[in-house]
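A short worksheet on the structure shown next.
Start at 1 and go down the list; that is how both ligands and their atoms are numbered. The chain is numbered in sequence order, starting from 1.
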Amino acid sequence: KKERKSEKNEPYSDSDSFFFFSLGLSMEDLTNAVKSALKKNDAAAAVKLIKEFLKDQNNIPLKIAITGKSGAGKSTFVNAFREMSDDDEGAALTGVTQTTLQRREYPHPNYPNVMLWDLPGIGTMKFPADEYLELVGFEKFDLFIIISDTCFRENEVKLAKEIQKIKKKFYFVRSKIDNDIQAERRKRDFNEGRTLKKIREKCVQDLRELGIPFPQVFLVSSFERSLYDFPFLREMFERDLHAHKRDALLFAMSDINQKIINEKKETFQSKITFYATLSGAVAGVPLPGLSAAVDIGLIIKVAKEYVAGFGLDKPSLEKLASSSGVPYTDLFAVIKSPLGFFFPFFFFACPIWLFYHQNYCLKAKKDAQRIYFTKLTVPAFP
Ligand SMILES: Nc1nc2c(ncn2[C@@H]2O[C@H](COP(=O)(O)OP(=O)(O)OP(=O)(O)O)[C@@H](O)[C@H]2O)c(=O)[nH]1
Ligand SMILES: [Mg+2]
């Protein structure tokens with residue numbers, strides 16, 4: 001049924017979406033259905049599909065990247081998180097020398113579609129800090145855990161800032177706490193609580209000084225999973241899993257939407273050349289007022305096409321309001337808000353600007369005038 005629909009390139013109807021969801025729609029199916037709806041300016045249908053998909057959390061994939069310096073304990077952390085020993089079959093390889101040379105995904109045992117990605121260490125010969133993000137395919141992950149077995153330094157902060165730039169979430173994990181505790185235990189006035197507090201405060205202070213104002217830091221030992229912050233990290237992960245998945249899904253969907261908006265923008269831009277030529281041709285006709293009248297007509301037509309093409313016309317917004325539950329007035333207010341202030345300006349000013357100031361418009365006008373006068377004068381003066 002799905003194939004037949006996509007062959008015909010028809011939008012997905014309500015009965016289709018019910019059919020898909022009752023069978024368990026995959027992320028790929030959802031992506032295709034949302035793309036198809038958005039291409040047809042049906043944001044309301046896209047919202048409906050996404051809302052349905054959000055109901056079944058198991059469908060939503062989540063990619064968690066475990067990153068940090070080489071030897072920080074990333075692979076050991078992945079195993080600990082999956083409740084495995086380092087030498088179990090299927091566990092991530094760990095070692096005292098640089099071990100992970102290729103990123104690899106490991107499924108979470110309890111949560112379908114949650115993948116832990118064990119990444120190579122940052123700042124090694126094979127993964128220099130300035131090429132690291134690109135080499136590990138940084139942008140594809142939804143959530144990041146930045147691990148360090150010492151104080152957090154420039155490399156970790158640089159990673160965090162790059163993650164902030166792409167508007168995704170990250171946590172800091174200070175690993176191998178068992179080593180610190182063991183070393184401090186040798187002192188006469190040892191107090192575990194005080195030592196942990198000291199490490200935590202130092203981590204937070206370092207991160208603040210390097211430009212991360214409110215860092216969330218977990219102190220863990222992958223060898224002692226019931227101690228320090230490991231249980232708390234797990235608990236928090238489970239508590240926030242729903243939100244993480246929702247964020248990941250909405251991020252992916254907004255990325256699709258942005259791509260489609262760009263495609264539409266390019267299509268509209270190529271149409272402008274056509275309208276400009278048309279405007280130029282009309283300008284060649286020496287009838288007073290004709291050019292201006294046609295240009296105004298064209299501008300209104302083009303502006304209307306833009307508004308409908310981006311789904312900003314009244315019927316589309318009303319449909320979107322009813323499927324998303326956001327009142328129409330709120331949606332419309334966004335268009336009228338400071339953010340949307342440039343919309344009317346853009347819609348009207350762009351065609352005018354293009355019609356009158358771009359080189360090809362002027363050239364088109366001149367060509368049209370030349371052709372018109374040649375045709376007119378040649379038969380009159382043989
Ligand atoms: N004491 C202690 N040692 C740890 C802990 N986590 C990891 N290690 C040890 O640290 C070393 C490096 O651990 P890995 O997990 O291989 O480190 P990695 O960050 O994956 O390193 P690369 O793959 O080279 O980037 C290994 O010898 C681990 O046994 C921990 O929580 N406590
Ligand atoms: Mg590793």
Side-chain angles (χ1 to χ4, degrees), residues 63-109 115-138 141 143-160 162-163 170-187 190 192 195-196 198-200 202-203 217-237:
K63 296 188 211 90
I64 307 172
I66 316 296
T67 180
K69 285 186 304 246
S70 177
K74 300 181 293 297
S75 306
T76 314
F77 178 83
V78 167
N79 295 337
F81 210 76
R82 298 176 73 214
E83 294 174 44
M84 292 178 95
S85 297
D86 293 340
D87 39 18
D88 278 353
E89 207 185 316
L93 270 187
T94 62
V96 283
T97 53
Q98 188 184 0
T99 310
T100 311
L101 297 175
Q102 269 184 342
R103 63 180 199 185
R104 218 183 129 184
E105 62 181 327
Y106 297 90
H108 192 289
M115 289 290 175
L116 297 164
W117 282 80
D118 185 20
L119 301 189
I122 184 170
T124 55
M125 296 271 275
K126 227 180 147 207
F127 294 90
D130 45 348
E131 290 168 38
Y132 184 77
L133 300 179
E134 206 180 320
L135 288 173
V136 298
F138 188 69
F141 302 107
L143 180 69
F144 294 80
I145 293 179
I146 305 173
I147 301 193
S148 177
D149 56 351
T150 55
C151 297
F152 292 99
R153 295 268 171 256
E154 281 77 10
N155 275 346
E156 287 87 9
V157 170
K158 213 176 140 202
L159 272 176
E162 290 300 324
I163 300 166
F170 55 85
Y171 299 112
F172 290 103
V173 164
R174 167 64 163 80
S175 60
K176 306 188 190 176
I177 290 296
D178 55 308
N179 277 347
D180 299 83
I181 295 295
Q182 208 180 351
E184 284 293 298
R185 205 183 285 279
R186 295 167 60 243
K187 293 182 184 166
F190 168 74
E192 188 177 294
T195 307
L196 291 175
K198 212 166 145 190
I199 300 172
R200 193 185 309 278
K202 174 79 176 112
C203 289
V217 181
F218 296 89
L219 311 183
V220 308
S221 162
S222 297
F223 291 175
E224 309 271 10
R225 299 163 197 181
S226 58
L227 298 181
Y228 320 120
D229 288 344
F230 215 118
F232 176 49
L233 178 64
R234 246 185 229 293
E235 203 180 291
M236 197 210 58
F237 172 77

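Of all the heavy atoms of T99, the ones lying under 4.0 Å from any atom of ligand 1 are found in both the backbone and the side chain. The proximity of E224 to ligand 1, defined as any non-hydrogen pair under 4.0 Å, does not occur for either the backbone or the side chain. Residue-level proximity to ligand 1 for T100 is carried by backbone and side chain together, each with a heavy atom below 4.0 angstrom.
The residue among K176, Q102, K69, K74 with a heavy atom at the shortest distance from atom 8 (N) of ligand 1 is K176. Atom 17 (O) of ligand 1 has its nearest heavy-atom neighbour, among S175, S221, G73, A80, in G73.
Proximity of R174 to K202: side-chain heavy atoms (C-beta onward) are nowhere separated by under 4.5 Å. The shortest side-chain heavy-atom distance between I66 and F81 does not fall under the 4.5 Å cut-off. Annotation: side chain of D118 is not in contact with side chain of F77 (no heavy-atom distance under 4.5 Å). Counting only heavy atoms from C-beta outward, the side chains of S175 and D149 approach each other to under 4.5 Å.
Residue contact annotation: S75 places an N/O/S atom under 2.8 Å from the Mg ion (ligand 2). At a cut-off of 2.8 Å, T99 is not counted among the residues with an N, O or S atom near the Mg ion (ligand 2).
Under a 4.0 Å criterion applied to the non-hydrogen atoms of G95, ligand 1 contributes the atoms 11 (C), 12 (C), 13 (O), 16 (O), 26 (C), 27 (O). Distances below 4.0 Å separate heavy atoms of N179 from the following atoms of ligand 1: 1 (N). Numbered from 1 in the order shown, with element, the atoms of ligand 1 that lie under 4.0 Å from a heavy atom of T76 read 6 (N), 7 (C), 13 (O), 14 (P), 15 (O), 28 (C). Close contacts between ligand 1 and G121 involve ligand atoms 25 (O) [criterion: under 4.0 Å to a heavy atom].
Surrounding CZ of R104 are at most 12 heavy atoms belonging to other residues, nucleotides or ligands under 6.0 Å away. In the displayed structure, Q98 atom CD is contacted under 6.0 Å by more than 12 heavy atoms of other residues, nucleotides or ligands. The environment of L93 atom CG is sparse: at most 12 non-hydrogen atoms of other residues, nucleotides or ligands sit within 6.0 angstrom.
At least one N or O atom of A72 sits closer than 3.5 Å to an N or O atom of ligand 1. Residue L93 has no N or O atom closer than 3.5 Å to an N or O atom of ligand 1. For ligand 1, the polar-atom distance check against D118 finds no nitrogen or oxygen pair separated by under 3.5 Å. Checked by distance only, ligand 1 and Q98 stay at 3.5 Å or farther apart across all their nitrogen or oxygen atoms.
Taking atom 32 (N) of ligand 1 as the reference point, the nearest protein heavy-atom neighbour is D178 OD1, 2.8 Å. For atom 31 (O) of ligand 1, the closest heavy atom belonging to the protein is S222 N, 2.8 Å. In this structure, atom 2 (C) of ligand 1 lies nearest to the protein heavy atom F223 CE1, 3.2 Å. The closest protein non-hydrogen atom to atom 21 (O) of ligand 1 is G71 N, 2.9 Å. The protein heavy-atom contact nearest to atom 27 (O) of ligand 1 is V96 CG1, 3.5 Å. From the protein, the heavy atom lying nearest to atom 20 (O) of ligand 1 is S75 OG, 2.8 Å.
Of the residues D87, T94, D88, D86, the one that meets the side-chain hydrogen bond (donor to acceptor under 3.5 Å, both in side chains) test with N79 is D86.
There is a side-chain donor-acceptor pair under 3.5 Å between S75 and T100.
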Before giving the answer on side chain to side chain contact (heavy atoms under 4.5 Å, CB included), spell out for I146 and F172 the whole-Å C-alpha distance, their side-chain angles and the decisive distance to 0.1 Å. CA-CA 5 Å; I146 305 173; F172 290 103; 3.9 Å; yes
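The aromatic rings of F144 and F138 sit tilted relative to each other, their planes meeting at an angle between 30° and 60°. Using a 30° and 60° split on the angle between ring planes, F232 and F218 fall in the tilted class, from 30° to 60°.
With respect to the salt-bridge test (charged N to carboxylate O, under 4.0 angstrom), the residues D229 and R200 qualify.
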